There are 2 protein chains.
Amino acid sequence: MADLVYRRVLHDLKSRIHDNQFPDKRLPDERSLSEAYNVSRSSIKRALGVLANQGIIFKKRGSGTFINPLYMKNQTIFHYEGSNLGITDSFKSDGQTQGIKLLSFKVVPANEEMQQDLFLEKGDFVYEISRLRLFDDHPFMIERGFIPIKIAPELSQKVVSGSIFNYLEDVQNKVVTKSFMTMKVAPSNEEDQELLGLKPTEPVAIMEGIFFLDDGTPFEVSNMRLRYDYFNYNTFVTLDEE
Amino acid sequence: MADLVYRRVLHDLKSRIHDNQFPDKRLPDERSLSEAYNVSRSSIKRALGVLANQGIIFKKRGSGTFINPLYMKNQTIFHYEGSNLGITDSFKSDGQTQGIKLLSFKVVPANEEMQQDLFLEKGDFVYEISRLRLFDDHPFMIERGFIPIKIAPELSQKVVSGSIFNYLEDVQNKVVTKSFMTMKVAPSNEEDQELLGLKPTEPVAIMEGIFFLDDGTPFEVSNMRLRYDYFNYNTFVTLDEE
DNA sequence: AAGTGGTCTAGACCACTAC
DNA sequence: TAGTGGTCTAGACCACTTA
């Protein structure tokens, strides 16, 4: 994976940018880069495309490719590297503790919706895992996840009481790299109010997602209900390609 | 712009997907598409790549290209799907009407936070534009935006009563292509309840964003409060290209 | 073994910018 | 007019999945 041509170029250019090797904030033109790296112009383009997506450079047709001055300044805000799809790792824990309380752990037949979402056949089974997430002993999220048993046949109660993604990666060498999420807002229902300690006027954020493995296999559908005051989603959107 | 090959394919495939012309949730393979559209496989790949980025399809190496089942569900009104940064264009208007009611339009000095976000100097001024967005005559969003006067010196009351982004693009040839957004949830306050017609138990979604022009210039900071039942944000996160 | 998506190349032509 | 990035092609080869 790391020996791909465009990736080699990408990493090299990135470190050269960080090393300030382009003091005029301008990169060489694509044809020169192609020659210098001894790769095709398409590969250069691909590497530059990734950098542009990350907001590190700007291309201006007809004039050249330039380093984004904002990127070099305000690194904290605009830097989008190493985000994480898993919940356990999405919360900053500077000394605070995260906890998981297992509410229920069952095996159930996949309903029709689930069959579609997870690419299952009629009669396939899924784990249904309900958990309460705690942050410094305060519950902030109800999580109900469904995972096909045929993808992870030996999930145990112990495993689902911890980070499932970490288990998968460490033990089974499966990596979750994509997710499709949809976010909504709703008034809290009675279960929310009880489990999350909310007043009737206090709402929840709802995140539903499908998580995919590296190869595109849908791995889990998850429904998450969060205390409104623990929800904060940041995103950097670019529209280069419509 | 619209006559690009990959865009033609992209739009065609997109509408075929929406029309449910692939009932088995599977697209033809790339080589067949290439032949069917009479374009190169690279162009097919590019179109499919955009669809994949938008989370509409996903590709499984070795087996094929499939439609994301979650995408077809959850099609509410506010629908950001990376297709457009502007609000006016983010709403599906199949016959429905969108409206904007101007609440206030002032010029004020930029406070310190604004100076940072919009890269302004001490003493610079910004427009403060408050608007109520309507959908089929129902208010669904309160929008308060701040734009530096030095970037758009001749904004008029008429312009800010319509789509500012469209005005910029059509009249000034400036295009907004990037944004940094943060989303939260909160109980509705009295102003929300009055303007959006909410009950005290009904919440709002809050979106705050900085919008950037093509060349990286920050153009607007905006704070948006939406009726909870009009909010639905879909996003597809990939950790692929690092 | 056949079929699928992924990567990469070499080169043509186009559209825009700067001088 | 020269130089830049953008689009597109045709085809080779690789990696993975499925049977």
Side-chain angles (χ1 to χ4, degrees), chain A residues 1-11 13 22 24-53 57-68 119 121 150-151 173-175 177-178 212-218 239-242, chain B residues 1-11 13 22 24-53 57-68 173-175 177 214-215 238 240-242:
Chain A
M1 194 62 154
D3 54 338
L4 296 185
V5 169
Y6 84 91
R7 249 165 213 275
R8 206 187 74 223
V9 175
L10 170 60
H11 289 140
L13 284 176
F22 305 106
D24 54 353
K25 301 297 175 200
R26 183 198 181 111
L27 264 56
D29 72 280
E30 297 184 347
R31 286 162 182 88
S32 309
L33 287 171
S34 163
E35 206 175 332
Y37 282 101
N38 204 23
V39 302
S40 74
R41 192 177 152 215
S42 317
S43 297
I44 295 294
K45 270 187 124 40
R46 180 151 187 196
L48 293 180
V50 175
L51 291 173
N53 261 329
I57 60 171
F58 291 108
K59 309 181 196 179
K60 289 194 165 169
R61 158 133 68 166
S63 54
T65 301
F66 304 88
I67 297 172
N68 177 3
F119 276 62
E121 322 268 316
K150 68 180 178 192
I151 289 191
N173 210 32
K174 289 176 176 164
V175 193
T177 52
K178 301 179 182 55
F212 301 90
L213 298 179
D214 220 7
D215 63 0
T217 312
L239 302 185
D240 290 322
E241 272 191 334
E242 154 154 356
Chain B
M1 194 61 153
D3 54 339
L4 296 186
V5 169
Y6 85 91
R7 267 185 144 72
R8 207 187 73 222
V9 175
L10 170 61
H11 290 138
L13 284 175
F22 304 106
D24 54 352
K25 301 295 176 202
R26 185 201 180 109
L27 265 56
D29 72 278
E30 297 183 346
R31 286 162 182 88
S32 309
L33 287 171
S34 164
E35 207 176 330
Y37 282 101
N38 202 22
V39 302
S40 73
R41 191 177 155 216
S42 317
S43 297
I44 296 293
K45 265 187 131 35
R46 180 150 187 197
L48 293 180
V50 175
L51 290 173
N53 262 327
I57 60 170
F58 57 90
K59 312 173 186 183
K60 287 181 85 165
R61 164 149 37 179
S63 58
T65 301
F66 305 88
I67 296 171
N68 177 359
N173 211 32
K174 288 176 177 166
V175 192
T177 52
D214 220 9
D215 61 0
T238 314
D240 270 342
E241 277 193 325
E242 109 173 36

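To find a chain, count down the sequence lines: A is the first, B the second, and so on, and within it residues start at 1. All values derive from a computational prediction rather than experimental measurement.
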(message) Using OP1 and OP2 only, check whether a side-chain N or O of A:Ser43 sits under 4.0 Å from C:dT9.
(response) yes
(request) By nearest nucleotide on DNA chain D, pick out whichever of A:Ser42 and A:Gly64 is the more 5' one. (result) A:Gly64
(message) Of the options D:dC16, C:dC8, C:dC16, whose atoms approach the side-chain atoms of A:Arg61 most closely?
(response) C:dC16
(request) Round to the nearest Å and state the distance from B:Phe58 atom CZ to D:dC16 atom C1'. (result) 16 Å
(request) Write down the distance between CZ (B:Arg41) and P (D:dT9), rounded to a whole number of angstrom. (result) 13 Å
(request) To the nearest 0.5 Å, tell me how far B:Phe58 CZ sits from B:Thr65 OG1. (result) 9.5 Å
(message) Taking the side chain as everything from C-beta on, heavy atoms only, tell me whether B:Leu27 gets closer than 4.5 Å to B:Leu48.
(response) yes
(request) Let me know the distance between CG of B:Leu33 and P of C:dT4, rounded to the nearest Å. (result) 10 Å
(request) Please report, rounded to the nearest Å, how far the P atom of D:dT9 is from the CD atom of B:Glu35. (result) 14 Å
(request) Report the distance from atom OG of B:Ser34 to atom CG of B:Asp29, rounding to the nearest 0.5 Å. (result) 9.5 Å
(message) Closest-nucleotide mapping onto DNA chain C: is A:Gly62 or A:Arg31 further toward the 5' terminus? I mean the 5' end.
(response) A:Arg31
(request) Provide, to the nearest angstrom, the distance between the CG atom belonging to B:Asp3 and the C1' atom belonging to C:dC14. (result) 11 Å
(message) Taking the minimum atom-to-atom distance to the side chain of A:Asp29, which one of C:dA12, D:dT4, C:dC8 wins?
(response) D:dT4
(message) Distance check needed: D:dA15 C1' versus B:Glu30 CD, whole Å only.
(response) 14 Å
(message) Less than 4.0 angstrom between a side-chain N/O of A:Ser40 and OP1 or OP2 of C:dT9, yes or no?
(response) yes
(message) Less than 4.0 angstrom between a side-chain N/O of B:Thr65 and OP1 or OP2 of C:dG5, yes or no?
(response) yes
(request) Measure from CG on B:Leu10 to P on D:dT7 and round the result to the nearest Å. (result) 13 Å
(request) Grab the CZ-C1' distance between B:Phe66 and D:dT17 for me, whole Å please. (result) 10 Å
(request) On DNA chain D, check which nucleotide each of A:Lys45 and A:Ser63 is closest to and give me the residue with the more 5' one. (result) A:Ser63
(request) Provide the closest heavy-atom pair for B:Ala52 versus B:Lys59 in the form atom of the first, atom of the second, distance. (result) CB-CE, 4.3 Å
(message) Taking 4.0 Å as the cut-off, does a side-chain nitrogen or oxygen of B:Lys59 come that near to OP1 or OP2 on C:dT4?
(response) no
(request) Ignoring backbone atoms, establish whether A:Arg46 has a side-chain N or O less than 4.0 Å from OP1 or OP2 of C:dT7. (result) yes
(message) So A:Ile57 and A:Phe22, do their side chains get closer than 4.5 Å, heavy atoms only?
(response) no
